[in-house]
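Quick caveat, the model's predicted, so the values are computed rather than measured. If you read the sequence from its start, that first residue is 1, and numbering goes on from there.
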Amino acid sequence: MSATVSFKVPSPRGPQPVTVSYTRVGSGEPLLLLHGIGHHRQAWDPVVDILATERDVIAVDLPGFGASPALPDGLAYDLPTTTAVFGAFCEAMELVRPHVAGNSLGGLLALELGREKLARSVTALSPAGFWSEAERRYAFGILLTMRQISRRLPLPLVRQLSRSAAGRTLLTSTIYARPGRRSPEAVVAETLALARAAGFDATLTAGSTVKFTDDLPGVPVTVAWGTRDMLLVRRQGVRAKRLIPRARLVRLPGCGHCPMNDDPALVARVILDGSR
C-alpha cells in the first residue's frame with residue numbers, strides 16, 4: 001500500500017514543507033529505490049518482491065513525479081535541493097544511512113547521497129551525469145520528444161496501443177529493450193506519469209549543467225549499464241568507473257535504460273550483491 005510522509009526542507013525563504021509518496025515492503029536492512037525523470041516508483045515493481053525477501057524496501061516517487069506533489073515555491077528541482085529532500089525524507093522515516101539504488105536521474109541522486117555520506121551503499125543503474133555534452137543533448141532531445149508524445153496521445157489510443165506487444169514497443173522501446181514484457185496496465189500508467197509530471201521541465205532544465213565528478217571514498221558503489229541502453233550509451237559506464245575507481249562496473253546483457261523490467265532477476269541480484 002502507498003503512503004505519504006511530510007517534512008520540512010531548508011530554503012532561502014525558511015523551511016518549506018515537502019510531501020513524498022512511497023511504498024514500503026519487506027524486512028532487513030533498509031533499501032531506498034529512486035526512479036528516473038518522468039517515471040514513477042512503479043518502475044521498480046518487477047524487482048521489489050525479490051528485493052523484499054532480504055531488504056526493507058522503500059520505493060519513492062520523486063517530488064513532482066508519480067503521486068508526489070510538486071515542490072513548493074522556493075525549492076528548486078536541482079541536485080542540491082533534491083539531495084536535501086531525501087536527507088530529510090530519511091530523517092523523517094528514521095532511516096539511518098540506507099542502501100540506495102537508483103536508475104537514470106535516480107542513479108545520479110543515489111551517487112549524490114553516497115557522496116554526502118547519507119547512503120551506506122550505492123547501486124546506480126545507467127546513472128545520469130557521466131555524459132559528454134553531445135550525449136546529454138541527444139538524451140535530453142529524446143526525453144523531450146517522449147514527453148511531448150505522452151501529452152499529445154489521447155488516453156483511449158494509449159490504452160489501445162498498450163494491448164499489443166507492437167503497441168507497447170511503440171510507446172516504450174526507448175527505455176526498455178524488451179517492451180513486450182511490460183504489462184498493458186503498467187505502460188498506460190507510466191505514459192500518464194510522464195505526461196503529468198509537474199517536475200519534468202524544471203528537472204530537465206536543472207540537469208543541463210550537471211556532471212558527476214567525484215569519487216565516493218568509503219562507500220561501496222556498483223554502477224550497472226544495460227548493453228542495449230538507447231538513452232544513455234554504455235560507454236558512460238566506463239567514465240563512471242574512471243571517476244570512481246573502486247566501483248564495481250557491471251554489464252547487464254540485453255537490458256535497456258530501465259533494466260528492472262528487462263531482466264528482473266539479474267537486476268535484483270546486482271542490487272542485493274551491491275548492498276551487502
Side-chain angles (χ1 to χ4, degrees), residues 1-2 20-23 25 33-51 57-70 77 101-109 125-128 139-204 207 226 228-232 252 255-264 267-268:
M1 290 289 291
S2 65
V20 167
S21 181
Y22 69 95
T23 55
V25 64
L33 300 178
L34 305 174
H35 64 76
I37 187 171
H39 226 151
H40 55 178
R41 66 174 183 267
Q42 288 84 351
W44 296 99
D45 282 356
V47 298
V48 162
D49 287 345
I50 309 172
L51 296 173
V57 180
I58 306 100
V60 302
D61 283 324
L62 303 186
F65 297 93
S68 289
Y77 285 90
N103 173 224
S104 196
L105 168 63
L108 172 62
L109 290 171
L125 310 174
S126 293
F140 280 30
I142 291 175
L143 288 167
L144 282 167
T145 300
M146 290 172 63
R147 164 87 157 169
Q148 288 164 1
I149 290 170
S150 73
R151 299 183 85 175
R152 288 174 184 169
L153 283 178
L155 183 56
L157 179 56
V158 173
R159 288 190 172 126
Q160 183 183 339
L161 287 169
S162 73
R163 293 189 194 113
S164 70
R168 292 195 293 280
T169 297
L170 193 66
L171 290 168
T172 66
S173 62
T174 308
I175 58 171
Y176 299 124
R178 296 161 179 154
R181 292 186 178 183
R182 201 78 172 126
S183 75
E185 298 77 18
V187 167
V188 172
E190 61 196 11
T191 303
L192 289 174
L194 177 57
R196 295 171 178 173
F200 183 93
D201 294 334
T203 299
L204 202 67
R228 295 172 61 190
D229 192 329
M230 305 289 286
L231 189 65
L232 298 179
L252 303 174
C255 289
H257 183 63
C258 297
M260 302 83 79
N261 186 74
D262 290 327
D263 195 336
V267 170

Give, for atom [atom1] of [X] and atom [atom2] of [Y], the distance between the pair rounded to the nearest 0.5 Å.
X    : Y    : atom1 : atom2 : value
L232 : S104 : CG    : OG    : 5.0 Å
S173 : R228 : OG    : CZ    : 10.0 Å
L170 : S162 : CG    : OG    : 11.5 Å
L194 : Q148 : CG    : CD    : 10.5 Å
I175 : M260 : CD1   : CE    : 8.0 Å
I37  : L204 : CD1   : CG    : 4.5 Å

Exercise. Could you give me the CA-CA distance, side-chain angles and deciding distance for H257 and T174, then say whether side chain to side chain donor-acceptor pair (under 3.5 Å) is met?
Key: CA-CA 8 Å; H257 183 63; T174 308; over 6 Å; no
Are any non-hydrogen side-chain atoms of [X] and [Y] less than 4.5 angstrom apart?
X    : Y    : answer
H39  : F65  : no
V267 : I50  : no
E190 : Q42  : no
L155 : T191 : no
V25  : V48  : yes
L108 : L34  : no
N103 : H35  : no
L144 : F200 : yes

Quiz item: Is R196 atom CZ crowded by more than 12 heavy atoms from other residues, nucleotides or ligands, each under 6.0 Å away?
Solution: no
Quiz item: In terms of heavy-atom contacts, does CG of D201 have more than 12 from other residues, nucleotides or ligands at under 6.0 Å?
Solution: yes
Treating [X] as the side-chain partner and [Y] as the backbone partner, does any N or O pair qualify as donor plus acceptor under 3.5 Å?
X    : Y    : answer
D229 : G256 : no
S150 : R147 : yes
D262 : A177 : yes

Quiz item: Among pairs that include at least one residue of residues 165-181, which meet salt bridge (charged side-chain N to carboxylate O under 4.0 Å, His left out), considering only residues two or more places apart or in two chains?
Solution: none
Quiz prompt | All pairs passing salt bridge (charged side-chain N to carboxylate O under 4.0 Å, His left out) where residues 38-48 contributes a residue, at least two apart | solution =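 Every salt bridge (charged side-chain N to carboxylate O under 4.0 Å, His left out) pair that includes a residue of residues 38-48, provided the two are not neighbours, is R41-D61.
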Looking at every heavy atom in both [X] and [Y], which two are closest together, and how far apart are they?
X    : Y    : answer
S21  : S2   : OG-CB, 4.5 Å
V20  : P63  : CG2-CG, 4.4 Å
A193 : H40  : CB-ND1, 3.7 Å
Y22  : I58  : CD1-CG2, 4.1 Å
T169 : P179 : OG1-CG, 3.4 Å

Practice problem: Would you sort out whether V188 and L171 count as a side-chain contact (heavy atoms from CB on, under 4.5 Å), showing the intermediate values? | Solution: CA-CA 9 Å; V188 172; L171 290 168; over 6 Å; no
Exercise. Could you check L33, N261, T23, V57 and say which one makes a side-chain contact (heavy atoms from CB on, under 4.5 Å) with W44?
Key: L33
Quiz prompt | side chain to side chain contact (heavy atoms under 4.5 Å, CB included) partners of R163, counting only residues at least two apart | solution =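 For R163, the residues satisfying side chain to side chain contact (heavy atoms under 4.5 Å, CB included) (neighbours in sequence not counted) are R159, Q160.
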